[in-house]
There are 2 protein chains.
Amino acid sequence: MKPSSAPLPRGDATRAALLAAALQVFGDKGFEAASTRQIAAAARANIAMIAYHFGGKEGLRAACADHVAAVLSGIFGTAAAPRVETASQARAALKALARAGVRGIVADEAARPLARFLLREISDPSPAFARVFETGFAPLHARVCRLWALATGEEPESEATRLSVFALIAQIVYFRIARAPVLLRMGWSEIGPNQAAAIEAIVLANLEAALDAAGRRA
Amino acid sequence: MKPSSAPLPRGDATRAALLAAALQVFGDKGFEAASTRQIAAAARANIAMIAYHFGGKEGLRAACADHVAAVLSGIFGTAAAPRVETASQARAALKALARAGVRGIVADEAARPLARFLLREISDPSPAFARVFETGFAPLHARVCRLWALATGEEPESEATRLSVFALIAQIVYFRIARAPVLLRMGWSEIGPNQAAAIEAIVLANLEAALDAAGRRA
DNA sequence: GTCTATAAACAGATAGAC
DNA sequence: GTCTATCTGTTTATAGAC
């Protein structure tokens, strides 16, 4: 937690470099397929430094998980939904979250390694990441459910509400996970800003449609 | 392509056992994390048989991909949408496909190894699977797009239509990929028939809502 | 803290007996 | 076709010099 103005002590610098490299390589190829050699090379550090700073490959993975959790709670802990009281405010907040999700997970170049690592941990969770789900993810999901309830009139903790929020998340993360078939079928060579905007439009339209339909039911 | 009534010759039996075991283990842990020793043990076969029958680990993966492609084209090649001419027929066909998707990918116990392998290949495609995307997946996606267009009045190959179909697929596959956070947040211990039914209801409701909204736009 | 050198375990592949 | 035994390369982890 040093201010970034002061240059890092040498040890902390390699530690940070290893962490960033690990996030990248783990996210790129998966934990098992990633080798500590490759991570060390990407960080321009020595392989032995992984054991010194993190205790081993598994410890490095845990440190990545902690880092991701910290970043996420930093983003969603402070900036999310400051004061939402009416249905239309809730709807606007949900749309803003969906937009931020598409930008951050699908499009944003800087957040890409973090998102990739996160999505790998979602489908193959490490023991360390189970904690993150409980402390970081579940409360966030519950907050989105409250917004959904406010926007539609449904119960915030009903099965339908919780699953509807998952279905919203699904549409965002899919376009990162299923990159290959999407690129092929869309005739795209990458998912850049223009492609992300097209995805965003569909996700937002689906969100609106689902909210309207749920509102009519409730 | 032997009838299953006649017992398999010895060689074909171990070949089939290795294929089934590989599908399971690759789907469970991913290609890189899976070891040929473990696959051979699960198939009660000798490790050397992998090289004999498939040429190596990579060949085994390709054989799994071919097998999955054959099963999929068997399912979707014959059973899909025999004669659809009106918007309401198209809507019913889309709902039936979504239902079949949830059942097959999320719920069905027998199809689970196949679905798991398929979803791993979607996020980390092997060279062998690129062919499957083009020959098997893209035409199927295009057929669903035509149904979507018929149900809504939109253009079948417009960007919005193609992305909308992806968003529909997203909601189905997400519940398999993001199993861990879903179970945690829903308080479920598994995704059995009851849970799959709840998911199916949400996916179908979202499909209806999206079709209605798209129909109003077009 | 950082490095070199090496240990110990494991991977996939293969030669050759049967 | 199936097996045992082994080769070769790579992995993570670590001991010890600096």
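A note on names: the letters A, B, ... follow the listed sequences, proteins ahead of strands, and every chain is numbered from 1.
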### Whether A/Phe137 and A/Phe133 hold their rings parallel, tilted or perpendicular, with breakpoints at 30° and 60°
perpendicular
### Message
If we count only N and O atoms by modelled type, under 3.5 Å, do the side chains of A/Glu121 and A/Ser126 hold a donor and an acceptor together?
### Response
yes
### Task
Please list all pairs passing the ring pair (Phe, Tyr, Trp, His ring centres under 6.0 Å) test where one or both residues lie in residues 9-43 of chain A, with sequence neighbours left out.
A/Phe26-A/Phe31
### Query
Using Watson-Crick and G-U wobble pairs whose two distances are both under 3.5 Å, how do you write the pairing of DNA chain D as dot-bracket, with | for links to another strand?
|||||||.||||||||||
### With A/Phe175 via ring pair (Phe, Tyr, Trp, His ring centres under 6.0 Å) - residues at least two apart
none
#### Entry: Note: B/Arg112-B/Asp28 ion pair, threshold 4.0 Å (strictly below)
no
Please tabulate the protein-to-nucleotide N/O contacts below 3.5 Å involving nucleotides 4-11 of chain D, giving atom names and distances.
unit_1 : atom_1 : unit_2  : atom_2 : d
D/dT4  : OP2    : B/Asn46 : ND2    : 3.2

### Query
Can a donor-acceptor pair be found between the side chains of A/Ser164 and A/Thr161 at a distance below 3.5 Å?
no
### Query
Is it true that B/Glu157 and A/Arg185 make a salt bridge, defined as a side-chain N closer than 4.0 Å to a carboxylate O?
yes
### Query
First and last nucleotide of DNA chain C in contact with chain A, 5' to 3', at under 4.0 Å to a heavy atom: what are they?
C/dG1 to C/dT4
### Task
Using a strict 4.0 Å threshold on nitrogen-to-oxygen distance, state whether A/Arg61 and A/Asp66 make a salt bridge.
no
### Residue pairs involving residues 47-70 of chain A (criterion ring pair (Phe, Tyr, Trp, His ring centres under 6.0 Å); sequence neighbours excluded)
none
### Task
Give a yes or no on whether B/Glu58 atom CD has more than 12 heavy-atom contacts from other residues, nucleotides or ligands under 6.0 Å away.
yes
